Amino acid sequence: MTTASLAPAVAATDARAAFQHALRRELHASGVTAQTATIATAPLLMRAAAAACRELLGQRWADTQAADAVRGARAEVRRVHYLSMEFLMGRALGNALAALKLDDTLREAFAAQGQSLPDVLEREPDAALGNGGLGRLAACFLDSFAELGLPSFGYGLRYQYGMFAQGIQDGRQVEAPDDWLALGNPWEVMRPELRYPVGFGGHVEVRADGSRRWMPAEALVATAYDFIVPAHHSARVSTLRQWHAQAAAPIDFAAFCRGEHHAAAAHRVAADALNWVLYPDDSTESGRTLRLKQEAFLVSASLQDLIARHLRETGSLQGLGRANAIHLNDTHPALAPAELMRLLLDDHGLSWDEAWAITREAVSYTNHTLMPEALETWPVRMFEALLPRHLELIYEINRRFLDDVALRFPGDVALLRRVSLIDEGQGEDGNGHGHGERRVRMAALSIVASHRVNGVAALHSELMVQTIFADYARIFPCRFHNVTNGVTPRRWLQQANPALSALLDARIGTGWRQRLDELERVKPLAADVEFGEQLQAVKRANKLRLAARIQRELGVAVNVDSLFDVQIKRIHEYKRQLLNVLHVISRYQAIVANPDGDWVPRTVVIAGKAASAYVTAKSIIQLTHDVARVIASDPRVGDRLRLVFLPNYGVSLAETIIPAADLSEQISTAGTEASGTGNMKFALNGALTIGTWDGANIEMAQAFGERNMFTFGLRTEQVDALKRAGYEPRQVVEQNPTLRAVIDAIARGDFSQGDAGRYRALVDKLLGEDVYLLMADFADYLRAQAEVDTLFRDRQAWAARVALNIAGMGMFSSDRTIEEYIDRVWSVKSLG
Ligand code: 26W
């Protein structure tokens, strides 16, 4: 054996020894020693193991930073700064152990304490600092940043409470704070030396030399907390840096001495409110104000940090734009260009042209939704009150932009009005809010300040330039691109599905763990009957695990040999969970009408949270529970149909559900789901998809063959055509007795104990406008569901399709996505 081949083994032994040492020390500090033979509880072991891992990761972090700093000083690299209001990291321990190759070491250590590793891993709370796909995508990206060795920082906020904890009472969603930090967070490293001032309010002072300076009224301080994300195939790491807000001033001592304790600390509580929760309910003015402050806070602290690093490494602001990419994860950090201009002009004395050149080089923006109502705009009035200097800068950016447009498109006043960064609030703005109120359009600011703008799947990127951003695409034809989303195979296959991972290792080798493309080697195995049986054995084991969880949480026994039909995602009308429930009702009615029929047994699983102010989504959750109860208590159904709603959906729950799914429901109205990423996780784990021609479903079907997906429903152009022609959902219902029976049953109160009023609003929506065309797609959906049943009866044919699905999923790794971002968006090359 050569010395070189010995080295990794020695390093691994060192790591194990260091880990064991750190673990003993952590346990000791909590009073658990070999001498006293105290038995450690699972939560204690979890925290000790996490702290021990963090210590090893800290070494990797220091090495990574040192290497990047050297390259940064030589201007050899471009660092990526990924600004996002959401990071849905989930749990960290399992991932860290796999990356550090310490699973076995810890398994043994825990066994000595009479605990099993999986039980201990379950004790870790999810870091749920996000609400949907956009936040989970950011987490997958950090994983790929590390894996690809990309010099990078993810920047976010350290929310004290994550996305709310969802409980269900009498079938209704109730929200509670998600107190994920209650027992401390062993993963985070507080960095008290990284502190930056952030202001709000006040006024802009004009100096004798004409320069302008913002004098904020409210003074906050941002402090950094770092979370380290390890690569799995190298010692590189990436960093998630999250900001914590505090008032700059201590308590008002005089007020305190007068006994006015609340007043003495009022400014501290106001500052702390920025840390509380993601998305304070934006149905109130104070909620919206808080949200805008959070966005500004994230942006300001992150950019000051970036500038300080650049100055430390290079000693000058020259080249800042070439050395640093600043990426906007949707428009939530869209204040970044305004804040960067402010810092460069007011604090560092650059000229407008210098500052603007840097900004345009650095900034890029990803759009994640076409829904016009989700496009952020903020009242000018709120800017005047909170961010007066930013408003001036936005006006100036707008003036220069509009001058330019006017030169290129002379006489087109309507165009100027449409593309202006300011919505003058005179006409219909499409968003239904604030007629008469002037608003800042954050997407417009993001586009104008970016050198690249991208959508997240091919169809979405096309629609983006044809619809919401058509005018900007005309003005900046080279700016718009597509980068199709992906997911990290480390979490979504390796960690979530060890049994399938082992089977793949045995059949195609372990290379897929690093290069997911190698999954294409599964393709020839589709004809291998034994492989098909192995796939099914893996699936059955995963279904048993999920069934046990359903039994434990809901007290419901499900048939593990039934088809597990799963839809898990935010509850939203466009995602059409209601269409799924309508299918369940019609199946229920069919079973009752023909109890002796040869039914393929199904277990339909739904999970997801509804935004707290979203009444219709909450009503859909309640209907799901009502229908589930009626079906479960009807003896004629037996175990041929079950509907199950699993509460408190999140990353960890998804890791248990997805590997157990036979069928993945991706049924959004065509043209509404930007990409979807759950769709990818399911297919990677051997579920077949029933889906519309929407988002990334399309590219998945193209990758593994359209005949290997159950597609149905109107396509985007048909949706548009139908709406133009005058869509009449009521007529569709009249002409389809199956559909009519379903709607009638809901309307009669069959699922609401005779209370016909409970779902009146829901039914009225379906029969009235039916914006998302559930009625129009219902018949074809049922046709596709019948095809699913037919194929499921033929176990061998089903398994062959599963194999073909997996074989085609190689390109949906977030590693590929990040390689494309580097190539098209973040590299110096992309600057032209
Ligand atoms: C007003 C602020 C706002 C608006 C929309 C915050 C958050 C949202 C969504 C929840 C953003 C989101 O999660 N979009 C999803 O992004 C995924 C990653 O690109 C896509 O796969 C999903 O299709 C898209 O819905």
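This is a predicted model, so every value here is computed, not measured.
- One finds no salt bridge joining Asp720 and Lys723 here, because no Lys/Arg side-chain nitrogen approaches an Asp/Glu carboxylate oxygen to under 4.0 Å.
- Using a 3.5 Å distance cut-off with no hydrogens or angles, the side chains of Ser364 and Arg452 do not pair a donor with an acceptor.
- Side chains of Tyr155 and Asp305: a donor-acceptor N/O pair is present below 3.5 angstrom, by distance only.
- Of the N and O atoms on the side chains of Glu86 and Asn131, at least one donor lies less than 3.5 Å from an acceptor on the other residue.
- More than 12 heavy-atom neighbours from other residues, nucleotides or ligands sit within 6.0 angstrom of CD on Glu285.
- Classification of Asp471 and Arg417 as a salt-bridged pair fails, no side-chain N sitting under 4.0 Å from a carboxylate O.
- Minimum heavy-atom separation, Arg715 to Ala670: C-CB, 3.7 Å.
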Might you work through the side chain to side chain donor-acceptor pair (under 3.5 Å) test for Thr716 and Trp693, ending with a clear yes or no? CA-CA 8 Å; Thr716 310; Trp693 205 245; over 6 Å; no
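- For the residue pair Asn398/Ser420, the side-chain donor-acceptor check at 3.5 Å is satisfied.
- Going from atom CG of Leu83 over to atom CG of Leu157 covers 9.5 Å, rounded to the nearest 0.5 Å.
- When every heavy atom of Ser450 is checked against every heavy atom of Ser446, the shortest pair comes out as OG-O, 2.6 Å.
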Would you please test Asp178 and Phe164 for side chain to side chain contact (heavy atoms under 4.5 Å, CB included) and show each step? CA-CA 5 Å; Asp178 163 33; Phe164 65 84; 5.7 Å; no
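- Aromatic rings of His203 and Trp214 (six-membered ring for Trp) have centroids beyond the 6.0 Å cut-off, not under it.
- The pair Asp770-Arg730 does not meet the salt-bridge criterion, since no charged nitrogen lies less than 4.0 angstrom from a carboxylate oxygen.
- In this model, no donor atom of one side chain and acceptor atom of the other lie less than 3.5 Å apart for Gln166 and Tyr649.
- No hydrogens or angles considered: nothing links the side chains of Tyr159 and Asn275 as a donor-acceptor pair under 3.5 Å.
- For the residue pair Asn482 / Thr484, a side-chain donor-acceptor distance below 3.5 Å is found, with atom types taken as modelled.
- Gln246 pairs with exactly one of Thr223, Leu274, Leu220, Asp272 by the side chain to side chain contact (heavy atoms under 4.5 Å, CB included) rule, that one being Thr223.
- For Phe141 and Tyr821, the gap between ring centers is short of 6.0 Å.
- Residues Ser300 and Gln304 bring a donor and an acceptor atom of their side chains to less than 3.5 Å of each other.
- Side-chain contact, Asn485 with Thr677: no donor N or O sits under 3.5 Å from an acceptor N or O.
- His572 and Tyr772 have perpendicular rings, their planes meeting at more than 60° on a 0 to 90° scale where under 30° would count as parallel.
- In this structure, a donor-acceptor pair under 3.5 Å is absent between the side chains of Ser612 and Glu175.
- With a 6.0 Å radius and a threshold of 12 heavy atoms from other residues, nucleotides or ligands, Arg172 has its CZ atom at or below the threshold.
- At a cut-off of 3.5 Å, with distance as the only test, no side-chain donor of Gln567 or Lys575 sits close to an acceptor on the other residue.
- Within 6.0 Å of the CZ atom in Arg399, the count of heavy atoms belonging to other residues, nucleotides or ligands exceeds 12.
- A salt bridge (charged side-chain N to carboxylate O under 4.0 Å, His left out) with Asp346 is found for exactly one of Arg212, Arg207, Arg389, namely Arg389.
- Side chain to side chain, Ser619 and Gln622 fail the donor-acceptor criterion of an N or O pair below 3.5 Å.
- A salt bridge between Arg288 and Glu376 is absent, with no side-chain N of the basic residue lying under 4.0 Å from a carboxylate O of the acidic one.
- The environment of CD in Glu260 is crowded: more than 12 heavy-atom neighbours from other residues, nucleotides or ligands sit within 6.0 Å.
- In the model, Thr692 has no side-chain atom that pairs as donor or acceptor with a side-chain atom of Asp694 under 3.5 Å.
- Residues Lys765 and Glu769 are not paired through a salt bridge, judged by the lack of any N-O separation under 4.0 Å between the basic side chain and the carboxylate.
- A salt bridge does not link Glu205 to Arg213: none of the charged nitrogens lies less than 4.0 Å from a carboxylate oxygen.
- A donor-acceptor contact under 3.5 angstrom links the side chains of Asn367 and His460, judged on distance only.
- Distance check: Leu345 CG to Glu392 CD gives 11.0 Å after rounding to the nearest 0.5 Å.
- Looking only at atom types and distance, the side chain of His451 has no donor-acceptor partner in the side chain of Glu361 under 3.5 Å away.
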